[in-house]
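First up is the structure itself, then whatever we jot down about it.
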Amino acid sequence: MLVAAALCPCPPLLVPEVAAGAAPELDALRAACLDAIGVLAAARPDRLVVLGPVDEAGGGAYPQGAIGSFRGFGVDLEVPLGAAETAPDRELPPSLSVGAWLLSRTDWDDAPVEALGVARSLPRDRCLAMGQEIAAAAPRVALLVLGDGSACRTVKAPGYFDERAEAFDAEVARALGDADTDALAALGEEPAAGLQASGRACWQVLAGAAQGAGLSGRLLREEAPYGVGYFVAAWS
C-alpha cells in the first residue's frame, strides 16, 4: 500500500556541481525537494521506489547501489542509489541519477530503495496498472516521483513558447497539491508530449499507486526559472 510520495523535478541543474555559477538560482527548489523527502522518511516505509522519466532504452528496474553519473554534463561526479556493497553494471539514467543525488543529500537509510525508469511515452493505462502493482508489492510503499512540467513556458525555453504551457502546468500544480489522482490520470498523452512535459507518465504511475490510499497532498514549490515547469509536492 502506498503510504507517502514525494514529487520532485529532475533537471541535472539541481546538482550544484552541474549548475556551477548558476547553482544559487535553484537553492529554494533543492530545499523544497529535501523537505518532501523528509515526508517519506516520516511515513516509515518498508520499501522506497524512485520513479524517473527515461527514453525507451532506459526503462526497467535498477537495484539499490546502482550508480548515477554526471560526467555527461561535464562533471566528474558519481552517486549511488542508496547504500550497497557492490555496484550493479547498469548505470542510472539522468533523471534517476538526480533522484539518487537527492537521496544522498538526506543520507537515506530508512528503507530499502530501488528505482524504475518509466518511458515518457508509456500509455496511461499501462502507467496506472504499473502503479497498482508497485503499491501492492509491500505493506508500506513510498514513492519518490521525478519529472518536469512543460518545457514551453517562454521563447527561451527548450521547447520554445507554447500558449498551452501555462494552463497545463497550472493544472498539474493543482493536481499535485491536492493529491488529485483522477486529474493526473486524465492528463492527455499527446498534449504532454507536445509540451515536452517529461513527468506525465511518472505522475500517472503515482495516480495508479495512490488509488484508494486516501493520501492528502501539499504543494511545496512551483516555479519555471528556465521556461520549464518545476513542482515539488508531498503526499502523506
Side-chain angles (χ1 to χ4, degrees), residues 1-10 14 28-53 95 98-99 102-103 105-106 108-116 118 124-125 127-150 166-188 192 197-224 229-236:
M1 179 179 177
L2 185 69
V3 296
L7 298 105
C8 299
C10 54
L14 268 182
L29 197 65
R30 293 185 194 97
C33 289
L34 299 183
D35 287 345
I37 292 173
V39 172
L40 301 183
R44 299 167 61 185
D46 47 34
R47 182 188 186 201
L48 172 63
V49 181
V50 183
L51 305 176
S95 63
V98 172
L102 287 170
L103 291 176
R105 293 294 294 266
T106 67
W108 179 270
D109 62 358
D110 298 88
V113 57
E114 61 188 280
L116 185 64
V118 181
R124 171 185 8 222
D125 290 347
C127 292
L128 297 174
M130 180 185 294
Q132 292 167 359
E133 292 174 5
I134 292 171
R140 298 184 65 81
V141 176
L143 293 179
L144 172 54
V145 185
L146 302 160
D148 300 339
S150 70
E166 188 170 351
F168 178 90
D169 282 351
E171 174 59 10
V172 169
R174 186 205 63 77
L176 296 181
D178 293 345
D180 188 339
T181 57
D182 289 341
L184 293 177
L187 291 174
S198 70
R200 189 274 309 169
C202 289
W203 298 330
Q204 291 184 329
V205 173
L206 168 64
Q211 288 179 2
L215 301 184
S216 60
R218 185 161 52 106
L219 187 67
L220 304 180
R221 189 81 184 171
E222 176 191 2
E223 57 182 272
Y230 297 147
F231 317 101
V232 182
W235 293 15
S236 63

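These numbers come from a predicted model, not from an experiment.
- Separation of atoms CG (L40) and OG1 (T106) is listed at 8.5 Å; rounding is to 0.5 Å.
- At distances below 3.5 Å, not a single donor-acceptor pair connects side-chain atoms of S150 with backbone N or O atoms of G229.
- In terms of modelled atom types and a separation under 3.5 Å, the side chain of S95 and the main chain of P53 share a donor-acceptor contact.
- Residues satisfying the side chain to side chain donor-acceptor pair (under 3.5 Å) criterion with E222, sequence neighbours excluded, are absent altogether.
- For residues 133-146, there are no side-chain hydrogen bond (donor to acceptor under 3.5 Å, both in side chains) pairs, not counting sequence neighbours.
- For CD of E223, the number of neighbouring non-hydrogen atoms (other residues, nucleotides, ligands) closer than 6.0 Å is greater than 12.
- Applying the salt bridge (charged side-chain N to carboxylate O under 4.0 Å, His left out) criterion to R174, with sequence neighbours excluded, gives E171, D178, D180.
- For the side-chain contact (heavy atoms from CB on, under 4.5 Å) test with V145, the passing option among V205, L206, L176, V49 is L206; the others fail.
- Within the 3.5 Å criterion, the main-chain N or O of L14 finds a donor-acceptor partner in the side chain of R30.
- Residues that satisfy the side chain to side chain contact (heavy atoms under 4.5 Å, CB included) test with A138, not counting sequence neighbours, are D46, R47, V141.
- Within the structure, every pair that satisfies the side-chain hydrogen bond (donor to acceptor under 3.5 Å, both in side chains) test and touches residues 199-209, not counting sequence neighbours, is listed here: R200-Q204.
- The side-chain hydrogen bond (donor to acceptor under 3.5 Å, both in side chains) analysis of residues 35-44, with sequence neighbours excluded, yields no pairs.
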